[in-house]
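Convention: sequence-line order gives letters A, B, ...; per-chain numbering from 1. What you are looking at is a predicted structure, and each value in this text was computed from that prediction instead of being measured.
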Amino acid sequence: MENQIVLNLNNVNKSFYTINGVLEVVKDLSFTLKEGEIVGIVGPSGAGKSTILNLIAGLIKPTSGEIQVDGEIGYMFQKDHLLEWRDIYHNVVLGVEVKKQLTKENIDRAHSLLEKYGLKDFKDCYPKELSGGMRQRIALIRTLLTNPKVLLLDEAFSALDYQTRLMVSCDVYKMIRGEKIASIIVTHDLTEAISLCDKVIVLTKRPAQIINVHDLEFDKNLSPIEKRTDTLFQMYFDKIWRELNE
Amino acid sequence: MNNPYLIKQRKEKSKIVLTQILLLVFITVLWELASDVGLINSFLFSKPSEIFKLFIVYLKDGSIFKHIGISVLETMLGLIIGTLIGLIFAIIIWWFPFLQKVLDPYLVVLNALPKTALAPILIIWAGTGIKGITVVAMSISLVLTIISAYSYFIMMNEEKIKMIKSFGANKLQILSKLIIPSNLPNIISIIKINIGMSWVGVIVGEFLVSRAGLGYLIVYGSQVFRMDLVMMGVIILAIIAYLMYMFVNMIEIKFKKKRGIK
């Protein structure tokens with residue numbers, strides 16, 4: 001059960017045609033994601049990390065190679081993109097509404113998820129009235145409601161100030177761990193990747209190729225904040241930092 | 001209600017309104033006195049008391065309501081048809097980017113052209129009376145509505161579109177769940193602008209061909225050199241246009257409240 005593969009990338013390449021010829025963005029990318037696993041992708045800015053997520057989400061097609069996804073994909077962005085004219089409840093059901101799955105069951109689930117994550121009292125509020133951290137959690141519930149097998153987080157916390165960022169990333173971590181959703185976290189913040197993920201993939205600069213994959217062996221019961229003070233943390237940080245700067 | 005901040009704000013507001021009323025009274029009295037003592041020629045400028053007397057005459061035989069009614073009807077028709085067709089056009093060119101690129105230079109030319117220049121042609125085509133004048137009123141707001149609504153539509157945040165696409169949204173859903181609702185405040189401000197545009201069309205149309213309406217009163221008054229009639233027409237026009245604007249403003253405030261925007 002734990003080992004079931006939900007996402008498989010096999011020799012994926014992606015190039016774009018531009019005015020200056022062909023631009024290779026992703027080269028020979030292969031990796032897998034297992035059920036419930038959290039994988040971080042780090043690399044220099046402009047390496048093509050977002051392109052990788054767009055490929056997985058099916059928003060763009062690979063030039064060659066295969067991408068197999070078992071089930072739906074959920075996407076979380078840097079901004080929460082809540083619709084300011086909808087109250088919180090109607091924001092939460094946007095995804096299932098678009099998918100035409102606004103069933104009794106999903107409506108009940110929307111209410112119970114809001115309750116579970118302490119947002120029940122805000123369901124009639126508008127996004128403007130809530131803090132950045134709450135908004136990001138609501139955006140996550142909106143995605144969770146569509147039952148994704150794989151969740152993609154594209155710099156999902158970088159729009160928040162440092163303190164909120166730590167807190168929200170910790171909350172989101174608990175949520176995706178609790179719902180057991182396999183996730184890919186793309187971030188330029190090494191400490192965030194190390195504290196949240198089971199595995200960190202390090203990429204070269206463009207065209208993105210894998211330099212190394214680190215299996216992080218923290219104690220399973222540590223929270224992201226606790227991991228930051230663990231002795232292993234500094235070691236992983238130094239290793240990945242060196243790889244990125246070679 | 002004992003909040004000192006609110007009390008101060010209310011005091012400030014009533015002070016502004018009071019001064020505004022006083023200013024109006026002052027100008028009216030000044031106008032009246034100036035023409036009484038011969039400082040201005042009352043034949044050219046008329047005077048408030050005469051304008052008011054004339055208004056009572058028109059009010060008593062009820063003909064003022066006919067003129068106001070016709071002009072308001074023409075303006076409303078021009079406003080509604082112009083805004084609706086403009087929005088539909090904006091949606092069509094948003095939907096088909098190729099069409100937008102093809103039509104772009106034509107829209108630019110039509111927008112730069114003073115639409116009042118087209119009024120005589122439109123009236124010949126559409127006929128005189130309410131029909132022709134409504135078409136003129138509509139034509140003035142149409143092109144601007146297309147151009148500004150389209151430019152609002154494409155200002156939509158790309159990532160928001162990506163967000164809704166990540167849930168599998170099709171183009172119709174992007175339009176109905178994202179583009180249209182997010183642009184409702186912009187559409188209201190387009191309507192506000194179009195009220196003024198539509199009035200320009202109606203007055204120009206009535207100047208050209210009409211037997212009733214506020215524009216007719218103004219142009220008729222100037223032809224027979226009855227400045228009281230001209231002034232009355234202009235003043236009523238100003239009041240009606242203001243009321244229409246305030247009506248839309250009220251809708252806007254209600255709408256904003258509903259969306260939780262303070």
Within 6.0 Å of OH in B/Y242, more than 12 heavy atoms from elsewhere: no
Under the side chain to side chain donor-acceptor pair (under 3.5 Å) criterion, do B/N157 and A/K79 qualify, and how do the steps go? CA-CA 11 Å; B/N157 184 317; A/K79 294 210 179 110; over 6 Å; no
CA sep, side-chain torsions, deciding dist, call: A/R142, B/F167, side chain to side chain contact (heavy atoms under 4.5 Å, CB included): CA-CA 10 Å; A/R142 176 179 66 193; B/F167 293 121; 3.8 Å; yes
Using the rule given for side chain to side chain contact (heavy atoms under 4.5 Å, CB included), can you reason through A/W85 versus B/L184, listing the C-alpha separation, both sets of side-chain angles and the distance that settles it, and then say yes or no? CA-CA 10 Å; A/W85 58 90; B/L184 279 182; over 6 Å; no
Run the numbers on B/Q173 and A/K99 for side chain to side chain contact (heavy atoms under 4.5 Å, CB included), then give the verdict. CA-CA 10 Å; B/Q173 286 175 317; A/K99 285 175 180 286; over 6 Å; no
Whether over 12 other heavy atoms sit under 6.0 Å from A/K120 NZ: no
Compare all side-chain heavy atoms of A/L94 with those of B/M163 and state whether any distance is below 4.5 angstrom. yes
A/F77 CZ: over 12 foreign heavy atoms closer than 6.0 Å: yes
For B/K162 versus A/Y75, what's the shortest heavy-atom pair and its separation? NZ-OH, 3.6 Å
Rounded to the nearest 0.5 Å, the OG atom of B/S166 sits from the CG atom of A/L59 at a distance of 7.0 Å
Between A/N54, A/D87, A/L152, which has the largest tally of heavy atom pairs under 4.5 Å with chain B? A/N54
Cut-off 4.5 Å, heavy atoms of chain B, and the answer for A/L82 is backbone
Can you confirm whether more than 12 heavy atoms, excluding those of B/M156, are under 6.0 Å from its CE atom? yes
Should we say atom OH of B/Y245 is surrounded by more than 12 heavy atoms from elsewhere, each under 6.0 Å from it? no
How long is the straight-line distance from CG of A/D80 back to NZ of B/K160, given to the nearest 0.5 Å? 8.0 Å
B/I164, B/N170, B/L178: which one forms the most heavy-atom pairs within less than 4.5 Å of chain A? B/L178
Heavy-atom neighbours of A/K27 NZ exceed 12 at 6.0 Å: no
